[in-house]
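Shown next, in structure tokens, is the structure this report addresses.
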Amino acid sequence: MIELINVTKKFGKNEVIHNVSFKIPKGRIVALIGANGSGKTTLMRMISTIIEPTSGEIFVDGINVKKSSNECKKRIGLILGGDATLFKNFTARENIYYFARLQGMDDNSAKECINKISNLLNMNDYIDKRVDIFSRGMRQKVVLASALIHDPSILLMDEPSTGLDVFAIIDVQNIIKSCQNLNKTVLISSHNFNEIEKLCDYIIIIEAGRIIFANEASALKSLTSSYSVEEAFKKISGLK
Amino acid sequence: MTLEIIKKEFLKIIRDKRSLLSIFLPLVIFPLIFSFVGLQAEQSQETLNENVLIFSNVDEEFLKDFLPNLNFSLVDCDNPEKYLVEEKIYAIVNFENLDITQMPISVNVVYNANSNLSIETYSKIMIELDTVNGIIINQNLIDAGVNPDVLNGISINSKTIETNTLFVMLAPLLIVSLLVSGGANVSADIFAGEKERGLLERTIVTQVNKNSLLYGKMAVVFTMTILSATISTLAYALSIAINPSISKMFGSTSTSLNLEVTSYIQLVTIILTFCAFISSVLITISILSKNAKEASSHMSILTMLPSIISLLVTFASFGINKWAYVVPFYGAIAGLKLIFLNAFEWSNYLLLLISQIVLCGLFTYINQKLIEGNKFLL
């Protein structure tokens, strides 16, 4: 569960998030949609404890992000910046192990969890190979594995399938769907409406730092009398 | 957590061929360069000892009588100055008046200041002319019934206390500049590169403590600066040991470095504190830079500083104001030079040591403040 109450963020005098409030129920796959510069990344960064809001409060699984940031971090898996967020001259196992250790896992449980997640994501063939020889799809899987290694209840993803081929997109989407089966909340920032339509059952639309819609995908469609999320987004944003 | 960060950073360096090459390359490059220069120096010396090529307006027999101790060959040419520039001859020795009974005998010597062979030849000719001049004066005084010893007002006995001049001249510059570049090679990526690729954001959204992150990375840069300086100094010492003629080229008769125990203590502590200071500065640059490229360009300015400051130290008198030792880089280079001469005063040493510790503390504090609020990620 993610909850934002009257959150505002200013960079100097520039207010980029204006008094935002919304609540994402547990176990949902949520799309965060908005134009470039609308405040999506700032919102993601605030939820993931990277930056603090200027005012307002953020709760992750009922825990205040500002007061107990370490407790929140245990519950968050973060994927920002795609496959670049790996150490290129490390193997997939070394990459995942490093993040497992930083999440406070001991040596044995880290190794055990890596074997499990490698089986789960079908990475056994290349888990001990260096990631610099991987395709983007394989790398994205390693990023996902290292974000999921500590079993977070919330997964924050920025453009998870950008630059991937068709097969890799299907793989990544299956992993995201399986997260829902494990009752994890997934917040995806994306411009890909096909992906949103397929995966997300909850939509948040942000425009110039203000939330203009936050509810079920079906509610968005009926509110705008649209057949698709893309059409609904265009109508609600005043786009033709 | 700090240990995990350190292990990861070292693994990154070990797997990066470029980083490894930049650290260990001096072990091969230095002896090669010095061997080449040494060989050239020896060849020049042999050439001069065997035969000096000169042009003169007198014949060979006349010149051999006049300068009996100079091994020379006369070269005949139309344009001797052109030959001198082209190093086909090393000097021109022309007599204005061929009647040597007329005093004083006027000799014009022309040499090429851009050629080492010509400079060496000129000094040999001057020594010879000085000897001949002494003989003529003595003979004239005796002919006039005067004891030549009346011209000796002072009897001078000089003694030179010398350490390895070349080492003292170059080692402080090499140690400091290679130490800085060794640290710069790894620190550009350590914060700035990881920030650029989004790795730092992912690292921060874990249980890792910010201080563990900072000190872990700082420890790696610190180790790399020391490793780099040690390897380069060893390579340098090895090169001089292999080619002692290099030291002689710089006018040094000593090829060894006789450091006292106290100087070793000063050397190690000054280098360690300088490494700590420079590591904290490099980390500051890396934190403040947007990406690895920007960090590298800022660091390249820092790596140029030792060369510029070394020039200042070379031309500065050793009686510099003691407060100059608190000036970053200048103090370390000037201090190291005096340490190699076993002449660094303890009060100045303490001033330098404390200033480096204070500067390291100051930059570490700045680094802590910079990463505290994650503002450096924006």
Side-chain angles (χ1 to χ4, degrees), chain A residues 9 11-12 14 16 41-42 44-52 60 65 69-91 94-107 110 130-132 143 146-147 149-150 152 154-156 158-159, chain B residues 1-22 185-186 188-217 220 287 290-293 369-378:
Chain A
K9 180 68 192 174
F11 292 115
N14 187 21
V16 291
T41 307
T42 306
M44 294 274 245
R45 281 175 157 176
M46 283 196 289
I47 296 167
S48 60
T49 76
I50 293 171
I51 52 172
E52 284 184 7
V60 166
V65 165
S69 70
N70 270 357
E71 275 305 307
C72 290
K73 285 173 186 173
K74 281 182 191 168
R75 290 167 165 78
I76 293 170
L78 180 69
I79 298 170
L80 288 179
D83 63 336
T85 59
L86 291 173
F87 298 102
K88 295 264 161 63
N89 49 13
F90 284 19
T91 66
E94 285 164 346
N95 266 289
I96 304 167
Y97 179 82
Y98 174 65
F99 285 104
R101 294 287 282 158
L102 291 192
Q103 284 294 359
M105 296 170 82
D106 63 48
D107 181 62
R130 277 169 59 148
V131 298
D132 52 2
V143 173
S146 59
I149 191 72
H150 60 296
I154 290 164
L155 195 60
L156 303 174
D158 192 14
E159 301 285 347
Chain B
M1 295 278 182
T2 311
L3 201 64
E4 278 309 318
I5 306 272
I6 293 172
K7 271 162 62 181
K8 182 268 287 181
E9 292 297 344
F10 276 123
L11 191 61
K12 221 167 84 177
I13 294 165
I14 290 165
R15 297 264 173 90
D16 183 21
K17 284 174 192 159
R18 268 191 318 172
S19 298
L20 285 181
L21 199 68
S22 66
N185 276 338
V186 293
D189 190 69
I190 219 155
F191 269 100
E194 291 193 7
K195 188 199 308 189
E196 185 184 359
R197 301 195 296 277
L199 271 162
L200 216 49
E201 287 188 333
R202 285 192 65 198
T203 307
I204 277 166
V205 188
T206 62
Q207 298 301 303
V208 73
N209 176 294
K210 297 264 178 65
N211 282 342
S212 300
L213 184 70
L214 176 64
Y215 292 128
K217 287 176 182 284
V220 174
I287 290 175
K290 287 190 182 77
N291 49 50
K293 200 177 170 188
K369 288 286 162 201
L370 283 172
I371 67 164
E372 219 164 58
N374 291 346
K375 282 183 185 159
F376 71 103
L377 288 172
L378 303 175

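Letters go in sequence order (proteins before strands), and every chain restarts at 1.
To the nearest 0.5 Å, the span separating CD on A/Gln103 from CE on B/Met1 amounts to 7.5 Å. Atom NE2 of A/His150 is separated from atom CD of B/Gln207 by 8.0 Å, given to the nearest 0.5 angstrom. Once rounded to the nearest 0.5 Å, the distance linking OG1 of B/Thr206 with CG of A/Asn70 reads 8.5 Å. Atom CG of B/Leu200 is separated from atom CG of A/Leu80 by 12.0 Å, given to the nearest 0.5 angstrom.
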Would A/Phe87 and B/Leu11 count as a side-chain contact (heavy atoms from CB on, under 4.5 Å) here? Give the steps.
CA-CA 10 Å; A/Phe87 298 102; B/Leu11 191 61; over 6 Å; no

Trace of the side-chain contact (heavy atoms from CB on, under 4.5 Å) decision for A/Phe99 with B/Leu199
CA-CA 10 Å; A/Phe99 285 104; B/Leu199 271 162; 3.9 Å; yes

How far apart are the C-alpha atoms of A/Tyr98 and B/Lys7, what are their side-chain angles, what is the distance that settles it, and do they pass the side-chain contact (heavy atoms from CB on, under 4.5 Å) test?
CA-CA 9 Å; A/Tyr98 174 65; B/Lys7 271 162 62 181; over 6 Å; no

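The two residues B/Thr203 and A/Leu102 have their closest heavy-atom pair at CG2-CD1, 3.5 Å. Scanning both residues, B/Arg202 and A/Val143, for their nearest heavy atoms gives NH2-O, 3.8 Å. When all heavy atoms of B/Asp16 and A/Asn89 are compared, the pair lying nearest together is N-ND2, 4.0 Å.
Side-chain contact check for A/Tyr97 versus B/Lys8: every heavy-atom pair is 4.5 Å or farther apart.
Of the listed residues B/Glu194, B/Lys12, B/Glu196, the one with more heavy-atom pairs under 4.5 angstrom with chain A than any other is B/Lys12.
With a 4.5 angstrom heavy-atom cutoff, A/Ser146 touches chain B via backbone and side-chain atoms both.
When the salt bridge (charged side-chain N to carboxylate O under 4.0 Å, His left out) test is applied to B/Glu201, the partners found at least two apart in sequence or on another chain are A/Arg45. Partners of A/Asn14 according to the side chain to side chain contact (heavy atoms under 4.5 Å, CB included) rule, which considers only residues two or more places apart in sequence or in another chain, are A/Val16.
Look at A/Glu94 and B/Arg15 and you find a salt bridge, because one of the NZ, NE, NH1 or NH2 atoms lies within 4.0 Å of a carboxylate O, short of that distance.
Heavy atoms from other residues, nucleotides or ligands lying under 6.0 Å from NZ of B/Lys293 number 12 at most.
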